[in-house]
**Q** 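One structure is given below, represented as structure tokens, and several questions about it will come after.
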Amino acid sequence: MGENLVIVESPAKAKTIGKFLGEGFTVKSSFGHIRDLASNTLSVDLEKGYEPNYVVSDDKKKVVSELKALAKKSSTVWLASDEDREGEAIAWHLSEALKLDPEKTKRIVFHEITKEAIDNAVKSPRDIDMDLVMAQQARRVLDRIVGFQLSPLLWKKVRPKLSAGRVQSVAVRLIVEREREILAFIAKSQYKIEGLFHPEGTKQSIKVKAEVAERFEGETEALSVLESCKDAVFRIISVEEKDAKRSPSPPFTTSTLQQEASRKLGFSLNQTMRVAQSLYESGFITYMRTDSVNLSKLALVTAKQVISELYGKEYSKTRQYATKSKGAQEAHEAIRPTYINNIEIDGTPQEKRLYNLIWKRTVASQMADASILRTEIEIGAEGVAARFAATADRVKFDGFLKVYSESTDDEQEESDAPFSLPELKAGQKMDAVSISATEKFTQKPPRYSEASLVKKLEELGIGRPSTYAPTISTIMQRGYVTKDNRPGTERVCKIATLEKGEITKRTIVEKWGAEKGRLFPEDIGILVNDFLVENFDSVVNFGFTAKVEEQFDIVAQGKLKWNKLIDEFYKPFSKRVEETLQESRPKNAERELGTDPASGKRVIVRLGRFGPLAQIGESDDPEKRFVSLAKGQLLETITLEEALQLFALPRRVGEIKDEEVIASSGRFGPYIKYKGKFISLPKEFSPYTVTIEEAAAIIEESDKKEQQKLIKSFEKEGIEILNGRFGPYIKKGKKNYKIPKGKDPASMDLESILKIIEETPEKPAKKR
DNA sequence: CAGTGAGCGAGCTTCCGCTTGACTT
């Protein structure tokens, strides 16, 4: 038992620090916050200066009692939580909950986990900074009041179990507003003119592709340019060479790691964080929840060594980056490999890939600029107003590009891969092999992906590294938004080509607007957002967090009392809550689409108990009909035709052997029903159009699969061995049992099966 | 699992930020 007890936030950190401190020190972890406002009620006394009611959370009772016992036996307790607002609060809650003697308690902080840094920290302890603690308390109480007063308002006015909060409601707002931008967007047709030229006196195969920078509004305008090119003699007007350089991106923070893992590896936010957590626990990387781009001195030195060894000295350039993002608290380092000389690690494929990404980004950040020679040429002709331009980049020195280049979110229509230009001189004649005018359409704004939404939130200073992934999970869980793919549509583009003195016109079909893993608002998200924007704009405003953060800073400086800040917010806020409560329901009114030509009744859409629906006939009409809207349809945008089509389901397709075949669409997509069985409809078929012949084939296919599914059956006992998605398994009644590895499912006897059933433990109650 | 669109009223839902854990199909 050590004389000294050191408490840090994370157990992995405790382990490493324990090694540095050695004899006489016991290092333990608090596992983050140990106390919080009681979770079942507001727990803020609105009458008594907003006094918070803190309790030790259930899952922390054990940690707290353990730490308490250890603290009792220790001569000194060192509170070594992070040096930011939350960390300071953790230190204070520890001192309160463990009833620490101030004489025996010391607050220390360190920014690097090295022996030197820790020794230094121990030499210069300080007291808990109560101003900073109160700034945290203000943050906590404000979030609780906003969340626990707005959410119940939604339960009353919209639907139970909904939620609202300073962070999540802004995230939803961003998605809803982006959707409306997209709806309002009208694609503009423009013409892009490109030419393929052959420099005179060079090999026949050499071609130079050049483009006119400006876009042309209409077909006539574009054609007149082509017309003017007919007999033109093209020459190089200018050749310009410029030196350019590119610099590496800073090392990873949580948000940039999430963005790059999404773009380069296709990871979701949760996936990235789960894999990073496991790399951290294995000691491969530094802490993964950080907003800092700072690297420790040790890391800088190792990076230099590694780069010099691998690529040569000229590739190394030591750089220290400054954090751009507002509100960054910088309690940790950037995310980097713990040992940069560790180029590869052991682990799952996912872990290897993420580690590799982190390694490359870190190393590249300490490498030299790439230097690039950019050649720009211009081609023109007398009588042709438009100028054709081409650029080519030649990498003179690759520098950091040897290791890493950052991806972008914008999907480019064509790859602008650098191509090389032949030796060209001003005045040189260029034969126009072909010149074409292609119709292009302006792009609608992109929907957010999980990662680009995090980027946006970070820019606005909303949310923290530890909450980005959970926040986005929350708004999906509430049903406000859905992550989805959309197949995209086709459109026809016109092309006119001038070749050998003649202009020919044709059209091509272009696929556009396909989306993968994007966030779409749902009707309930739109409704809740509009309700909040209408009544609480000051809170769901994009600038609200930045504004209160300024106030928290003033509290942290000791120039403002925390509960005065709260009071100034709460007075107008509670008034607004009261007023909104008195007012009528939010605009959940129905939207009228028109009349049903068959019955002459009114067709409306509205949000029902189970989601958005279309309705024919009034609510008091005994013959009224309902149908749910399909995935991807919104109340705001659905048309009468689309709504009426929904009523065509369920549809009788025909009969097979005197049994009806029905086609419809359910929770799990389109299906056909035959002899009481449901069969999912393959993608290429639609329930509106599938024919009885097609249905027969689908049913036959499904029967075949069903037969292959059954490996063995014990009818008397009601036990079956089946082939499932994850391999063979045992089924008895409604329960499934795993077959141990190495057993051949087809040759198992009843006895061994019963034994497996016997030995399989009961499923524990579902925890949430 | 593949349709629901209500009625009565009790009891519950919910925030943001720190941190990991222990469950199997």
Side-chain angles (χ1 to χ4, degrees), chain A residues 8-14 29-37 39-44 57 59-60 63 81-82 84-90 93 136 139-156 159-169 274 277-278 280-281 287 289 329 331 462-468 470-471 474 478 545 606-615 619 624-628 649-650 662-673 676-681 687 724-727 729 735-738 760-761 763-767:
Chain A
V8 296
E9 289 178 36
S10 138
K13 199 168 169 182
S29 150
S30 73
F31 294 84
H33 276 295
I34 50 152
R35 292 202 312 186
D36 190 14
L37 299 172
S39 61
N40 51 346
T41 57
L42 183 67
S43 303
V44 173
S57 346
D59 52 335
K60 294 294 165 56
V63 186
S81 45
D82 297 342
D84 59 10
R85 202 163 63 200
E86 298 297 326
E88 204 66 23
I90 289 175
H93 279 295
Q136 192 274 348
R139 198 279 305 156
R140 182 68 191 93
V141 167
L142 179 96
D143 281 339
R144 173 53 71 89
I145 290 176
V146 170
F148 274 42
Q149 296 209 344
L150 286 187
S151 300
L153 200 56
L154 294 176
W155 305 340
K156 287 199 190 84
R159 181 196 290 182
K161 292 191 185 182
L162 295 174
S163 65
R166 173 178 58 83
V167 175
Q168 60 169 283
S169 296
R274 203 168 42 238
Q277 174 87 32
S278 128
Y280 168 65
E281 284 171 12
Y287 197 58
R289 290 186 275 262
Q329 310 226 351
I462 298 173
R464 304 278 314 131
S466 67
T467 59
Y468 293 138
T471 298
T474 299
R478 300 278 175 272
T545 293
R606 64 182 173 90
L607 209 52
R609 266 207 303 161
F610 309 108
L613 62 88
Q615 180 180 337
S619 293
K624 64 181 181 289
R625 296 170 66 201
F626 297 108
V627 65
S628 292
L649 297 183
I662 304 285
S664 191
S665 195
R667 267 210 297 160
F668 307 102
Y671 64 92
I672 50 178
K673 193 173 160 189
K677 259 191 203 156
F678 295 94
I679 306 163
S680 284
L681 210 50
R725 224 154 42 99
F726 311 111
Y729 67 99
K735 280 186 183 154
N736 297 339
Y737 303 88
K738 217 156 84 178
T760 302
K763 239 198 290 188
K766 225 179 169 178
K767 217 175 75 177

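Please read all numbers here as calculations on a predicted model, not as lab measurements. The sequence lines fix the lettering, A, B, ..., with proteins before strands; numbering per chain opens at 1.
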**Q** Work out which heavy atom in A:Ala164 is nearest to a heavy atom in A:Ser151; give both atom names and the distance.
**A** N-OG, 3.2 Å
**Q** Which one, B:dT4, B:dA6, B:dC15, comes nearest to the side chain of A:Ser628?
**A** B:dT4
**Q** Heavy atoms only, 4.0 Å cut-off, all strands: where does A:Tyr287 land among base, sugar-phosphate and nothing?
**A** sugar-phosphate
**Q** Considering just the side-chain nitrogens and oxygens of A:Arg289, establish if one lies under 4.0 Å of OP1 or OP2 belonging to B:dT20.
**A** yes
**Q** Round to a whole Å and report the spacing from CZ of A:Arg606 to P of B:dT4.
**A** 14 Å
**Q** Both A:Ser163 and A:Asp59 contact DNA chain B. Taking the nearest nucleotide for each, which residue is further toward the 5' end?
**A** A:Ser163
**Q** For the side chain of A:Ile90, starting at C-beta, report the closest nucleotide among B:dT20, B:dT4, B:dC18.
**A** B:dC18
**Q** By the 4.0 Å heavy-atom rule, please label A:Leu162 as base, sugar-phosphate, or nothing.
**A** sugar-phosphate
**Q** Strictly below 4.0 Å: does A:Gln277 bring a side-chain N or O up to OP1 or OP2 of B:dT20?
**A** yes
**Q** Between A:Arg478 and A:Ser163, is any side-chain donor less than 3.5 angstrom from a side-chain acceptor?
**A** yes
**Q** Identify whether any heavy atom of A:Pro11 sits under 4.0 Å from a base atom; if not, whether one sits that close to sugar-phosphate; answer base, sugar-phosphate or nothing.
**A** sugar-phosphate
**Q** OP1 or OP2 of B:dC15 less than 4.0 angstrom from a side-chain nitrogen or oxygen of A:Gln168, does that happen here?
**A** yes
**Q** For B:dG5, does OP1 or OP2 lie under 4.0 Å from any side-chain N or O of A:Ser619?
**A** no
**Q** Could you tell me whether A:Ser39 contacts a base, only the sugar-phosphate backbone, or nothing, with contacts defined as non-hydrogen atoms closer than 4.0 Å?
**A** base
**Q** If I compare all heavy atoms of A:Ile145 with all of A:Leu42, which pair ends up nearest, and what's the gap?
**A** CA-CD1, 4.1 Å
**Q** Which part of the nucleic acid, if any, lies within reach of A:Arg478 when heavy atoms closer than 4.0 Å are counted: base, sugar-phosphate only, or nothing?
**A** sugar-phosphate
**Q** If you only use heavy atoms from C-beta on, which nucleotide in B:dA2, B:dT20, B:dC16 is closest to the side chain of A:Ser10?
**A** B:dT20
**Q** OP1 or OP2 of B:dC18 less than 4.0 angstrom from a side-chain nitrogen or oxygen of A:Arg464, does that happen here?
**A** yes
**Q** Among B:dG5, B:dC16, B:dC15, which is the nearest nucleotide to the side chain of A:Thr467?
**A** B:dC16
